[in-house]
Structure formats: structure tokens, C-alpha cells
J.: 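Got a structure for you, questions after.
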Amino acid sequence: MRSVPFTRPTLIAAVELFEQHSQARFNQVVLRLGLENEISSNTSISVAKKCDLLGRIVVQRSETVIDTLDGRMTLGEAVVRQAALLAQQDATHPLQTAFARGLAHDAFVLVWDDDGRSASIRAALPREIQLPETDDEVHRLLKSFGFATPLGHLDQAIEAHTRGDWAACNGQLRTFLESLFSDIARNVRPEDAAKRPNA
């Protein structure tokens, strides 16, 4: 969970992306956010009007903590994460551009999965030490050596760090390093690694 909330422009830009939803999908988002008592599922109310209601609620209660499938987080963060799922890679739509600009202002970026189909948010890393490029290189190297387990732990650590869940991040980094060393040992000296008990 972030200690500093997303700014008002980012929250509004995130809510505006929801106008792309059908009535049913928008109503599902409302359920996931626990706002079904405030925003009607009645289909006679347009999605645009529902977005207006959602935006007003989110701006007023952005720091309210809710439970999601990704753990406990603020309502503001949950809305931003839901909006990120609507983003499309290389899109030039003004609503997505405004959302990406708001995220950048709040020190976040949109990142896509390997297929380029699904987006999520991640804390922006300092440019002066070129961490984004380094991070991409680490991911590329782990994939090229077939180190799937360490890669999974690294991705979970980054996700936990983005949420501000420091204990989970530290735990995943520890597991990442252990599994990385194990995979390196199996790769460099498979005979010796096979003789050692798995920890």
C-alpha cells in the first residue's frame, strides 16, 4: 500500500478510462471496489454518468483501505490498477495519454506483460542510474537462461514493492536470490548440484 496517495488528476484520468467499459463490465468494477451501495447497477444510467459518480467517490475517499485480490490497498490505488488493465500498448488515445501522464507525475509507469496485452503499474525508477534498462536486462537474462523460478520471485518482489508491502518484497527478494543461486549452480555444475539436498 502506498503511503502517498495518487494525485487528483491521476485518479480522474483513471476513472475516465472506465468509460470504455460496457455496463456489465463497469458494474463488475464497482463490485470489486465495494461501491455497489453508492453506484447503481441500473443499465438506464449511462456508463459516463456512473463514471462521474465513481470519480466523485474516489476523489473524496481515495485513502480508504479496501480488500482486493491483490491484497489490501487504498481505493485510489485499486482504481488506478483497474484502469491500467484497460491501457493498450502504443495507444495514442487522449484518455490513455492523460492517464499515463498522471502516472508519470506520481512517479509510476505502465508496464506490459510479455505478450503486450495486459498492463499494470509499477513505481518509476530513477533515470539517472538507468534502472529501467538494467531491470529489462535482468529480466532478459533470467529468461534466456531459463531461470523461471527466480524470475517469478523477482516479479513478485517488484509488485510487492510497488504496493509498498515491504515485508513481502524483502521475503520475495530473499527467495529470488536463493532460487537464483540454486539455478546458477544447476546450470554451471549440474552433477554437484544434483548431489546436494534441496533446501
Side-chain angles (χ1 to χ4, degrees), residues 1-2 4-33 47-48 50-51 54-55 58 62 68-71 73-165 169 172 176:
M1 217 170 26
R2 289 190 65 179
V4 177
F6 287 96
T7 58
R8 180 184 179 103
T10 304
L11 294 173
I12 293 170
V15 170
E16 287 174 342
L17 278 179
F18 291 135
E19 288 186 34
Q20 300 173 39
H21 273 317
S22 65
Q23 287 277 356
R25 286 205 181 267
F26 185 86
N27 291 338
Q28 290 170 351
V29 169
V30 168
L31 280 172
R32 281 194 288 273
L33 297 173
V47 172
K50 290 179 181 181
C51 283
L54 176 61
V58 170
S62 64
T68 71
L69 290 175
D70 294 321
M73 64 184 69
T74 64
L75 177 60
E77 181 177 349
V79 166
V80 168
R81 287 178 179 274
Q82 286 292 310
L85 296 174
L86 294 172
Q88 298 175 0
Q89 196 166 16
D90 302 322
T92 57
H93 192 281
L95 292 177
Q96 184 171 320
T97 302
F99 178 57
R101 202 171 31 246
L103 285 173
H105 182 270
D106 293 343
F108 276 82
V109 293
L110 286 169
V111 292
W112 276 263
D113 63 9
D114 291 337
D115 298 335
R117 295 182 190 159
S118 180
S120 60
I121 59 169
R122 183 170 77 178
L125 302 170
R127 294 181 200 269
E128 61 271 11
I129 55 175
Q130 300 177 341
L131 281 178
E133 291 84 358
T134 304
D135 179 56
D136 289 344
E137 183 179 2
V138 169
H139 276 80
R140 185 180 49 76
L141 287 170
L142 290 171
K143 288 175 188 173
S144 72
F145 284 104
F147 294 171
T149 302
L151 177 63
H153 290 300
L154 177 61
D155 287 341
Q156 289 176 17
I158 291 169
E159 178 65 24
H161 182 271
T162 300
R163 289 192 316 266
D165 191 350
C169 178
Q172 286 299 329
F176 160 72

J.: What pair of heavy atoms forms the shortest contact from A14 to V79, and how long is it?
T.: CB-CG1, 4.1 Å

J.: Keeping Q96 on the side-chain end and Q88 on the backbone end, is there a donor-acceptor pair under 3.5 Å?
T.: yes

J.: Which atom pair, heavy atoms only, marks the closest approach of L33 to A78?
T.: CD2-CB, 3.7 Å

J.: So do the side chains of F26 and L54 get within less than 4.5 Å of each other, counting heavy atoms only?
T.: yes

J.: Sequence neighbours excluded, which residues qualify as ring-ring contact (aromatic ring centres under 6.0 Å, His included) partners of F18?
T.: H21

J.: Between Q23 and K50, does the side-chain contact (heavy atoms from CB on, under 4.5 Å) criterion hold? Intermediate values first, please.
T.: CA-CA 9 Å; Q23 287 277 356; K50 290 179 181 181; 2.6 Å; yes

J.: Considering non-hydrogen atoms only, spot the tightest contact between L142 and P150 and give its length.
T.: CD2-CB, 4.3 Å

J.: Distance from D106 atom CG to T7 atom OG1, nearest 0.5 Å?
T.: 3.5 Å

J.: Output the distance between atom CG (L151) and atom CZ (F176), rounded to the nearest 0.5 Å.
T.: 8.5 Å

J.: Quick check: closest heavy atoms across H153 and Q172, and the distance to 0.1 Å?
T.: ND1-OE1, 2.8 Å

J.: Got a second to check how far L86's CG is from H93's NE2, nearest 0.5 Å?
T.: 11.0 Å

J.: Which residues pass the side chain to side chain contact (heavy atoms under 4.5 Å, CB included) test with A84, not counting sequence neighbours?
T.: F99, L110, I121

J.: Looking only at non-hydrogen atoms, find the nearest pair between L85 and A119 and report the distance.
T.: CD2-O, 3.6 Å

J.: Hey, what do you get for OG1 (T10) to NE2 (H105), rounding to the nearest 0.5 Å?
T.: 7.5 Å

J.: List the residues meeting side chain to side chain contact (heavy atoms under 4.5 Å, CB included) with I12, not counting sequence neighbours, and say none if there are none.
T.: R8, E16, V59

J.: Heavy atoms, side chains only, cut-off 4.5 Å: are R32 and L69 in contact?
T.: no

J.: Taking the side chain as every heavy atom from C-beta outward, state whether I158 and H139 have any pair of such atoms under 4.5 Å apart.
T.: yes

J.: Nearest heavy-atom pair of L11 and S62: which atoms, and what distance?
T.: CD1-CB, 3.6 Å

J.: Measuring from atom CZ of R140 to atom CZ of F145, what distance do you get when rounded to the nearest 0.5 angstrom?
T.: 9.5 Å

J.: Does a side-chain heavy-atom distance below 4.5 Å link F147 with L141?
T.: no

